[in-house]
Undergrad: 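Quick one: structure below, then a few questions.
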Amino acid sequence: MLTKNQIYEAIVTDYTAEGQGVAHVEGCAVFLPNAVAGERVRLRIEKAQKTWAAGKIVEILEKSPHRVNRECPVAKLCGGCDFWHMDYEEETRLKAQRVKTCLNRLAGESLTDVPILAAPDCHGYRNKAQYPVAAKEGRAYAGFFRAGTHDVVENRRCLILPEETDAVKDAVMDYVNQFRISVYDEATHKGLLRHIYVRRGAVSGQILVCLVCNGEKLPKVEALLSRLQKIPGFTTLVLSVNTKKGNAVLGERFVTLFGPGYIEDTLCGLTFRLSPRSFYQVNHHQAQRLYETAIALAGITKNDTVLDLYCGVGTITLAMASSAGKVIGVEVIPQAVEDAKDNAKRNGIENAEFFCGDAGQAALELERSGVRPDVVVVDPPRKGLNADTIEALSRMAPRRIVYVSCDPATLARDVAMLKQRGYALQSATAADLFPKCAHVETVVCLCRKEIRS
């Protein structure tokens with residue numbers, strides 16, 4: 001067991017799923033933030049367990065050619081981004097490697113390479129932000145949580161956000177400080193403003209501002225609107241009432257204070273309505289590439305029925321509609337289902353149906369009612385597919401399953417279970433929708449073994 005506060009010398013050999021570097025000292029894995037593979041470092045042990053330790057680099061003895069100077073001044077403090085200390089070539093390499101390793105180790109594959117859809121730009125791509133707010137010495141401020149904590153690190157300009165998004169944050173905080181609007185304190189469960197939620201249409205430029213409050217009224221709304229209306233694209237202001245303790249950002253009730261309560265944006269040639277609870281990929285350009293890849297892998301024909309589980313506002317569902325005979329979307333969030341139905345109408349799509357419910361239960365009910373989809377697309381949350389969904393997919397026996405994943409480990413677990421039920425992995429592609437952040441998306445195609453093509 002390593003000794004806390006002791007200095008050791010080691011070589012960084014790999015990365016964790018969260019993007020930390022991994023070194024080995026005396027047979028023990030040491031996890032290091034802000035590390036780059038290949039570097040020889042001196043490190044200090046900050047936490048020591050029997051089989052692992054957490055450390056901190058105190059000196060870089062041999063620097064990687066992939067190490068760069070950080071553009072973001074708060075990158076080491078803010079928990080939002082992970083990779084401002086390395087170049088983009090190394091970032092995409094480690095993300096593709098992570099997908100390959102998970103599929104090989106957990107799903108029994110023997111992939112030699114996984115291609116990755118690299119982003120053309122690492123700046124200003126993110127179309128949604130959730131700023132927690134805090135106060136110090138009588139001044140309220142907004143930023144992002146420090147990694148592993150709920151301490152708010154002030155960030156005056158976030159480089160992965162559009163300038164307009166930060167302008168909204170600044171306008172809200174100017175209003176908050178001028179009119180002494182109280183900000184939420186988790187310890188006491190007192191204070192009004194909890195989060196500033198901003199969503200911006202990458203194509204439309206429309207901006208939705210949603211203030212999450214520990215209360216049902218927002219004072220001096222006209223004063224706030226006078227500030228927001230100076231920002232190009234500002235379209236609507238919504239109050240989200242969240243009076244519960246806990247980590248959930250948005251509440252269950254929404255009150256539109258200005259505008260329609262939603263914005264519109266264009267993706268894959270279709271127009272979508274987006275409300276605060278709507279799921280919509282945060283990187284528009286990369287989402288379009290990801291969805292185009294998924295649709296191509298699906299191999300849909302005009303005779304096919306396609307089932308899209310976890311459909312959100314219907315982005316993939318409706319993008320597949322022109323190629324299919326019928327598309328069916330399932331989503332658990334009622335507002336997202338209403339948005340999906342509205343999106344079908346506004347795009348003149350008549351061969352799409354949407355149902356509200358848990359993906360697994362809905363899939364089982366559709367299977368019991370005789371629905372036999374030819375292709376199933378799934379885009380689950382990070383926890384992956386549940387047992388009901390796996391069972392329903394097995395019984396429906398579509399010829400192809402296209403799985404879009406935000407977590408390579410749960411993806412690999414589910415691929416292994418689907419392989420046990422008669423499917424084979426045909427292809428896997430990583431997609432970087434979160435440059436400078438540790439997350440990576442993956443799209444895989446599984447085919448029934450007897451018809452693999």
Side-chain angles (χ1 to χ4, degrees), residues 99-100 102-115 290-311 316-317 319-330 351-353 355 358-380 384-431 441-453:
V99 172
K100 184 183 79 170
C102 285
L103 288 170
N104 286 349
R105 288 182 180 175
L106 303 178
E109 294 294 322
S110 55
L111 303 173
T112 57
D113 181 52
V114 170
L290 175 70
Y291 291 166
E292 288 171 349
T293 301
I295 293 167
L297 290 173
I300 303 166
T301 73
K302 281 292 187 181
N303 295 321
D304 287 341
T305 295
V306 181
L307 175 62
D308 180 14
L309 300 177
Y310 312 93
C311 70
I316 297 182
T317 323
M320 294 185 297
S322 62
S323 302
K326 181 179 182 180
V327 291
I328 302 170
V330 175
N351 62 334
E353 295 181 14
F355 298 94
D358 171 79
Q361 291 298 318
L364 285 172
E365 289 176 15
L366 288 167
E367 188 270 334
R368 283 193 290 266
S369 67
V371 174
R372 293 289 185 272
D374 303 283
V375 176
V376 174
V377 177
V378 295
D379 187 0
L385 304 178
N386 59 29
D388 284 346
T389 307
I390 294 284
E391 176 63 21
L393 291 177
S394 177
R395 286 161 54 173
M396 285 176 167
R399 70 170 185 272
R400 281 191 181 90
I401 298 171
V402 177
Y403 191 139
V404 179
S405 169
C406 58
D407 188 300
T410 56
L411 166 67
R413 178 203 67 197
D414 294 344
V415 167
M417 288 192 286
L418 290 166
K419 286 171 68 174
Q420 293 171 2
R421 290 161 173 79
Y423 285 86
L425 183 69
Q426 187 177 52
S427 69
T429 302
E441 295 274 324
T442 311
V443 56
V444 303
C445 180
L446 298 110
C447 294
R448 282 217 319 272
K449 290 179 181 178
E450 65 267 24
I451 58 171
R452 190 177 184 187
S453 60

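Every heavy atom of this structure was used, including side-chain atoms; hydrogens, water molecules and symmetry mates were not. Numbering starts at 1 and runs along the sequence shown.
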Undergrad: State, yes or no, whether a side-chain contact exists between E441 and V404 at a heavy-atom distance under 4.5 Å.
TA: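 In contact.
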
Undergrad: Please report the shortest heavy-atom distance between P380 and C406, naming the atom on each side.
TA: O-SG, 4.1 Å

Undergrad: Among V327, D308, V306, which residue satisfies the side-chain contact (heavy atoms from CB on, under 4.5 Å) criterion with I316?
TA: D308

Undergrad: Got a second to check how far I390's CD1 is from I401's CD1, nearest 0.5 Å?
TA: 7.5 Å

Undergrad: Which heavy atom of V114 sits nearest to which heavy atom of A428, and what is that distance?
TA: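 Closest pair (atom of V114, atom of A428, distance): CG1-O, 3.9 Å.
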
Undergrad: With a 4.5 Å cut-off on side-chain heavy atoms, are Y291 and V377 touching?
TA: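 Not touching, per the 4.5 Å side-chain cut-off.
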
Undergrad: Is the side chain of R448 donor-acceptor paired with the backbone N or O of A397 at a distance under 3.5 Å, no angle test?
TA: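 Judged by distance alone, yes, a pair lies under 3.5 Å.
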
Undergrad: Could you tell me whether the side chain of P398 reaches within less than 4.5 Å of the side chain of L307, counting heavy atoms only?
TA: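 No; the side chains remain at least 4.5 Å from each other.
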
Undergrad: Taking side chain as C-beta onward, heavy atoms only, is V371 less than 4.5 Å from I328?
TA: yes

Undergrad: Measure the spacing between CG of L309 and SG of C311 and express it to the nearest 0.5 Å.
TA: 8.5 Å

Undergrad: Name every donor-acceptor pair, under 3.5 Å, that has one atom in a side chain of residues 359-368 and the other anywhere in the protein, sequence neighbours excluded.
TA:
| residue | atom | partner | partner atom | Å |
| --- | --- | --- | --- | --- |
| Q361 | NE2 | D388 | OD2 | 2.4 |
| E367 | OE1 | R395 | NE | 3.3 |
| E367 | OE1 | R395 | NH2 | 2.8 |

Undergrad: Work out which heavy atom in K449 is nearest to a heavy atom in A424; give both atom names and the distance.
TA: CG-CB, 4.0 Å

Undergrad: Between S323 and I300, which heavy-atom pair has the shortest distance, and what is it?
TA: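 Closest approach of S323 to I300: O-CG2, 3.6 Å.
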
Undergrad: Any donor-acceptor pair under 3.5 Å linking the side chain of R413 with the backbone of A409?
TA: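 Not at all, since once roles are kept as given, no pair shorter than 3.5 Å links the two residues.
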
Undergrad: Shortest non-hydrogen contact from A107 to K419?
TA: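 Result for this residue pair: O-NZ, 2.6 Å.
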
Undergrad: Indicate yes or no: at least one non-hydrogen side-chain atom of Y403 is less than 4.5 angstrom from one of L393.
TA: no

Undergrad: Side chain of K100, backbone of L111: donor and acceptor closer than 3.5 Å?
TA: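 Such a contact is absent between K100 side chain and L111 backbone.
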
Undergrad: Please report the closest heavy-atom contact between R400 and L297, naming both atoms and the distance.
TA: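 Where R400 meets L297 most closely, the heavy atoms are CD-O, 3.3 Å.
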
Undergrad: So, does K326 use its side chain to make a donor-acceptor pair with the main chain of N303 at under 3.5 Å?
TA: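 No, because the side chain of K326 does not come within donor-acceptor range (under 3.5 Å) of the backbone of N303.
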
Undergrad: Just by distance, do the side chain of N351 and the backbone of A321 share a donor-acceptor pair under 3.5 Å?
TA: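 Yes.
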
Undergrad: To the nearest 0.5 Å, what is the distance between CG (D358) and CG (N386)?
TA: 5.5 Å

